[in-house]
S.K.: 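The structure's right below; bear with me while I get my questions together.
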Amino acid sequence: MSNSIGNNLLHQSLLSPTVLEHQNRVNFSTGGNNLYQPQANSVIHKSKLSTEFRGNKLTVQKHKLRMGKKQAVSRSPRAVLTSDTSSKQLAEKFNLDGNIELQVDVEPPVSGSVSQVNILITSSSDSLLLHWGAIKSKKQNWILPHRRPVGSMVYNNQALRSPFVKSGSNSILRIEIDDPEIQALEFLVFDEAKNKWYKNAGGNFHIKLSVRESRNSSVSIPEDLVQLQSYLRWERKGKQMYTPEQEKEEYEAARMELLEEIARGTSVQDLRTKLTGKNDTSESKKQPVSGTKSKIPDDLVQIQAYIRWEKAGKPNYSPEQQLKEFEEARKELQIELDRGASVDEIQKKIAKGEIKTKAAKQLAKKSYFTVERIQRKKRDVMHLLSKFPGMPVEENIASEPQIPSAIQQYGKTKEDHIDGPIVKKKIYKLADKELLVLVAKPSGNTKVYLATDLSEPVVLHWALSKTPGEWVAPPSTVLSADSVSLENAAETKFSVSSLDNQTCKVQTLEITIEDDSFVGMPFVLVSGENWIKNSGSDFYVEFNTKSMEVQKDAGDGKGTSKNLLDKIAELESEAQKSFMHRFNVAADLMEQATNAGELGLAAILVWMRFMATRQLIWNKNYNVKPREISKAQDRLTDLLQNVYRSHPHYREILRMIMSTVGRGGEGDVGQRIRDEILVIQRNNDCKGGMMEEWHQKLHNNTSPDDVVICQALIDYIKNDFDIGVYWKTLNDNGITKERLLSYDRAIHNEPKFRRDQKDGLLRDLGNYMRTLKAVHSGADLESAAANCMGYRDEGQGFMVGVQINPVSGLPSGFSELLQFVLLHIEDRNVEGLLEGLLEARQDLRPLLSKQNDRLKDLIFLDIALDSAIRTTVERGYEELNNASPEKIMYFIYLVAENLALSVDNNEDLVYCLKGWNQALSMVKSKDDHWALFAKSVLDRTRLALASKSESYDQLLQPSAEYLGARLGVDQWAVNIFTEEIIRAGSAASLSSLLNRLDPILRQTANLGSWQVISPVEAIGYVVVVDELLSVQNKTYSKPTILVAKSVRGEEEIPDGAVAVLTPDMPDVLSHVSVRARNSKVCFATCFDSSILADIQAKEGKLLHLEPTSADVVYSEMEEDELESSTDSKEVSSAPSLTLVRKQFSGRYAISSEEFTSEMVGAKSRNIAHLKGKVPSWVNIPTSVALPFGVFETVLSDPLNQVVAKKLQILKEKLDEGNSSDLGEIRDTVLELSAPPQLVKELKETMQRSDMPWPGDEGPQRWEQAWMAIKKASVWASKWNERAYFSTRKVKLDHDYLCMAVLVQEIINADYAFVIHTTNPSSEDSSEIYAEVVKGLGETLVGAYPGRALSFICKKNDLNSPQVLGYPSKPIGLFIRRSIIFRSDSNGEDLEGYAGAGLYDSVPMDEEDKVVLDYSSDPLIADSKFRHSILSSIARAGSAIEELYGSAQDIEGVVKDGKIYVVQTRPQM
């Protein structure tokens, strides 16, 4: 892996036999408890040796080592909390307020220990702080001890504030004091929640400390034993990451523990034996004494030992092995010294890597852990749930319409008059002016139109290109009379034009090129004395029609925060000066963006994303220091952090914004970009050429490109100075030679280094990469981890140093987990790494919702971990090539978990995770249904991804299109904006894994590549459409096979369509499926994307489809075969059907006993017929009806005279073919008022039938019911598009279409079902087919995505249902006890007309949409329950078919295990 964090060889924390040094940056990414950086930032104290670079000279300052001599014991403070208050001397008690008491106990110190002050407050709140300090002799001011309770904060540099720990109703705090000069503590108690102070009679509480016993100061502990004890302490504490201050504290705490052992009578020899298992004599033989037997300076030995450790693979050394390695390094240097080399010469050899070493790579010990994978904690998946109420997507802010600029008006006018295709249109920003470039292809020629509103006269300095970018003088036939021909170019003046009805003038130029061998036109503008370029480069116009897209107009900004986007467009000329300007402008706009809500933040994201993808200018002739860029970044990311904290429902989009912006940093980190490049040049003697040009660019304006350039240099050096590798790295990351030349400080040269510079450059550029990434990269894992865990980097000479403190509150063991991740980040087998990355994200997640002044560092770390997971998964695809289904499913689970950690409103994803968990359990238990169940989870996961993709497109794409047009962004970049956002996340990786698993599951579950819904043979021409809904009203003149990417379930089959093929998954018993079968149209779902792609590729060709119950065989046909085929029939218009107008019976409401064919439709009559004739365990809900003719009677009532006139006018317009009035007709019907007689009769009829009357709950409930009646009956749904066009196709007289309203008490169902008593897919009459959904049945028959549970059952064995598929529907509908109004038209009784489902059924109350969790649903999890319910459904279907004597289409529900049938009709 890359060791870019802290691999500066001469600046490491190195361990000698007697001393430890922590002189430079802390390297936690290299992993391992190693020799030179003991155990993850280690338990080390400041060395007596220090090294410092000045120029190329290493200066060694050596201090005397006082081994075994009398030493002063320096003890750093450490504090812990406790709840044990026993065995302490009571100092004092105080009454704070009422029953709140303060008790302070002081435990006197014994030999080798510290004073302990235990504070207890009774009956206290959860938010108490101790505001305190210590008092020394002869000093009245408070001092702040270094040893402090956990969570203590320094307040105004004058006091400490330590939080109490809650224990039952009490609060406790323990303070340890080890400074013998401290005589007393003073404090106040502060209740943060109540903003209340507790004082002692208006003053401070003052607690004296006991005098400590004197310690035998003559005792000294050997430093090597202190080191060993500190290592053991570090191991006991879980190998935590320590700050330098904590390292010092831990080291001194180890010394104190050993001194306490000495005080209890243990000898130094006994301590050595206890710690090392060896006696002092044997050990001392192995320990050299620095400076006596060797003339090699210890600091050089440390460096050589580090090199040995690196070459050995950074193994996990024990303390004894560390000492041994140190001596081996000393021997290697001693050999050089014995050969006559001086210390200075040895130092130079070390720097060049010329010292021979025998260290061998120890692969087996590479891991920081003893195993190659971490042990994941068990967590409830539901803790991942992130759910916020829906927010409005569209900003409705009135704004003045954008007035087109003069150039925009000119372009629009010119477009209207151009004869021929326009292949390019782009408007370039020239500060506050514009340049239009329009390319058209009239009559086979290429014509270029240019226009600008620059005030000074403009000359075009231009050429033509036969290969992109070259400058070739235009032929004389192309030049105008006033043009001047130059060596490789020409110059042509613009002419002044006036726009119609406009006072402003523009300068224009038209060029016609007849030679089609030219592929483009490079140019610059000359205005006055100024040469005007495109962001520092030449303008270039391509003539290639295939690659160019015309830039769209900005449009009206609907679906965007238009005001903010307009403001961004206005400020772009300021923002493009430099990154500093852009980040500051963005920071200034953050308040407006936040106030505008999600769309406002979407505007910022789109803008920042255009910047990050280099669609906007990064720097325009403006010199800015790196630290100023870093400071501006810091300001912007601080604001983003604050919004993240205060607006949790925007966290997902804020993460996306932050991922496009580097972390930044105040001062030091940014300044190092400028300083460190000079140090690299000086240390490695590379001050000229490309390195000097890069240095000038870095000083002028550093950018994210510098990260790529640095990586390209590293790759070039590592690959034996192969310049091709250098260019490959640049080009792969979007940096071309032209881009290098476009910088204000251009980079012209290629790198040229000597071979003796290799090691030093790799080391220094590796370190420099971290500095660059710390500023520019928000998603770099190493730099993000370093910022959270803390590091220190000393400066060299003039170069500033950097110290980043660790983020507080990180969980125990988190640093070790990060080290595991960084150590394995390039492993080929990625499963263990994925687990580690996800475990880190899970540990981090609680901190992201808490208060933390370093929250943005945690967010950037989380973003980096997320990004690392995506790249790791992509690298792991090879590992899955021959993997078992179980392993692929586990990878899917991991990636879905990562996605759930990254997005908001992830309830559906979380339930998908539970589904994958259940599927994995089924595999392990060898459940026969595992593949069938896993397929349902896979389908649901795909739906979740599609839903997330649609939400991104709705939120982001309108802003991308509007701002892209305003800023002149390349149209291709605008078109794929949302797509690229999705590709950049885990959703794309998850989709790829699902595609890999799908065919395996289908094969294992014997599902095949097709689900045939309507098995009808068909011959037709292939037409590909996005949505069936978009063509449902179309009539095809030729037999047509539609390949529709989306089928919702409620569409109409268009006339002329003989087949519908789709990758979508409508239920077999959905409305569109029923209508396809009734209309004898082939209808099938294709699960195999390659098969579907093959059919789509045959668009326009004639295909023959031959479906079976489980497959579709297709083949191409010739035109003459269609004509001669006896099976093919010309598409003819549907036969005309006749309706009989129903008359009003004089009754507004009737009971079920009065249902006749003259009063109600078949739906009502059939349900009444079932009463008393089906088995008693089949329940039939009570029903009443509004009979035929009620609507017409209500409309003619004087109450509704105005509505009737308005409706008549609209119907006349509709008859003239104006179908756009359908919506207005429906709205007009809703204006009807209910005649009092209708209300009276309906109330009496419902009450006689023991049905609840809505009006009993108040007039508002009746109005609710009346509105549902108007929606449900012909009164509004007669004019829905689906029904209107369906009746027109069969030439039904729409005025004769009447509808009764079936009124039923709604059953709050656990499950709903639809039964076809003859299997519709196989047409097997011996087999019942049924589908079941959770909740109400509308999700089954309506436009709700996903599949229902499906099963078949043989009629001769109704107790043996066979599940065909498990449910994948994410949404269930549930409702309170209510009334439903069902449409019941006379059109549903006609033979040969699929009228079922055309009209609406509306419940009085709105259903609750619930995201479904199938893992705890007994229908899925309990096989006995499932068997019972499915058998009961099958038996009910069989009984009803037997009653009617024909195949039936039955709808019903299950409540508390009971079966209810709500309607039945003949199966068509």
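Treat the numbers as computed from the prediction; the structure is a model and nothing was measured.
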S.K.: Tell me, please, which residues at least two apart from Arg942 pass side chain to side chain donor-acceptor pair (under 3.5 Å).
M.R.: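 Applying side chain to side chain donor-acceptor pair (under 3.5 Å) to Arg942 gives Asn995, Asp998.
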S.K.: Which residues pass the ring-ring contact (aromatic ring centres under 6.0 Å, His included) test with Phe190, not counting sequence neighbours?
M.R.: Trp197
S.K.: Would you name the heavy atoms of Leu818 and Ala785 that are closest together and state the gap between them?
M.R.: CD1-CB, 4.0 Å
S.K.: Identify the two heavy atoms, one from Arg854 and one from Asn787, that lie closest to each other, and give their separation to 0.1 Å.
M.R.: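 Taking every non-hydrogen atom into account, NH2-O, 2.5 Å.
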S.K.: Salt bridge check, Asp904 against Lys387: does any charged N sit closer than 4.0 Å to a carboxylate O?
M.R.: no
S.K.: Is the shortest distance from a Lys or Arg side-chain nitrogen in Asp843 or Lys377 to a carboxylate oxygen in the other one below 4.0 Å?
M.R.: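 Result for this pair is yes, salt bridge flagged.
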S.K.: Any heavy-atom pair between the side chains of Met608 and Val661 that's under 4.5 Å?
M.R.: yes
S.K.: Strictly by modelled atom types, are Tyr952 and Glu979 linked by a side-chain donor-acceptor pair under 3.5 Å?
M.R.: no
S.K.: Do the charged groups of Glu1406 and Arg1376 touch, with an N to O distance under 4.0 Å?
M.R.: no
S.K.: Whether the Asp380 and His383 side chains hold a donor-acceptor pair (N or O, under 3.5 Å, no angle test) is what I'd like checked.
M.R.: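 Result is no, nothing qualifies.
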S.K.: Classify the side-chain pair Gln918/Ser1415 by whether it contains a donor and acceptor separated by less than 3.5 Å.
M.R.: no
S.K.: Does the plane of the ring in His649 sit parallel, tilted or perpendicular to the ring in His647? Use 30° and 60° as the thresholds.
M.R.: tilted
S.K.: Looking at every non-hydrogen atom in both residues, tell me the closest pair between Leu899 and Ala987 and how far apart they are.
M.R.: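 Heavy atoms of Leu899 and Ala987 come nearest at CD1-N, 4.1 Å.
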S.K.: Just grab all the ring pair (Phe, Tyr, Trp, His ring centres under 6.0 Å) pairs involving residues 907-937, residues at least two apart or on different chains.
M.R.: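 Of all non-adjacent pairs touching residues 907-937, those that pass ring pair (Phe, Tyr, Trp, His ring centres under 6.0 Å) are His929-Tyr1366, Phe933-Tyr1366.
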S.K.: Under 4.0 Å between a side-chain nitrogen and a carboxylate oxygen: does that hold for Glu980 and Arg983?
M.R.: yes
S.K.: Indicate yes or no: does Asp827 engage Arg875 in a salt bridge with an N to O separation below 4.0 Å.
M.R.: no
S.K.: Drop me the distance from Ile863's CD1 to Ile657's CD1, to the nearest 0.5 angstrom.
M.R.: 10.5 Å
S.K.: Is a side-chain donor-acceptor pair under 3.5 Å present for Thr1339 with Lys1369?
M.R.: no
S.K.: Could you pull out all residues at least two apart from Lys926 that satisfy side chain to side chain contact (heavy atoms under 4.5 Å, CB included)?
M.R.: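 Lys926 satisfies side chain to side chain contact (heavy atoms under 4.5 Å, CB included) with no residue once adjacent residues are dropped.
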S.K.: Considering residues at least two apart in sequence or located in another chain, which fulfil the salt bridge (charged side-chain N to carboxylate O under 4.0 Å, His left out) criterion with Arg845?
M.R.: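 Arg845 satisfies salt bridge (charged side-chain N to carboxylate O under 4.0 Å, His left out) with no other residue.
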S.K.: So, Ser386 and Asn906: side-chain donor and acceptor under 3.5 Å apart, yes or no?
M.R.: no
S.K.: Show every side chain to side chain donor-acceptor pair (under 3.5 Å) that has at least one partner inside residues 883-899, sequence neighbours left out.
M.R.: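 For residues 883-899, and leaving out neighbouring residues, the side chain to side chain donor-acceptor pair (under 3.5 Å) pairs sorted by first residue read Arg376-Glu897, Glu835-Tyr890, Arg841-Asn898, Gln842-Glu897, Asp866-Asn898, Glu879-Lys887, Asn898-Ser986.
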S.K.: Salt bridge or not for Asp1417 and Lys1334, using N-O below 4.0 Å?
M.R.: yes
S.K.: Run through Lys1409, Lys948, Lys914, Arg940 and flag the one making a salt bridge (charged side-chain N to carboxylate O under 4.0 Å, His left out) with Asp908.
M.R.: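 When Lys1409, Lys948, Lys914, Arg940 are each tested with Asp908, the salt bridge (charged side-chain N to carboxylate O under 4.0 Å, His left out) holds only for Arg940.
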S.K.: So does Arg1426 pair up with Asp1422, basic N to acidic O under 4.0 Å?
M.R.: no
S.K.: For the side chain of Ser925 and the backbone of Ser921, is there at least one donor-acceptor N/O pair under 3.5 Å apart?
M.R.: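 Yes.
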S.K.: Under the 3.5 angstrom rule, does the side chain of Lys935 hit a backbone N or O of Ala1005 as a donor-acceptor pair?
M.R.: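 It does not hold such a pair.
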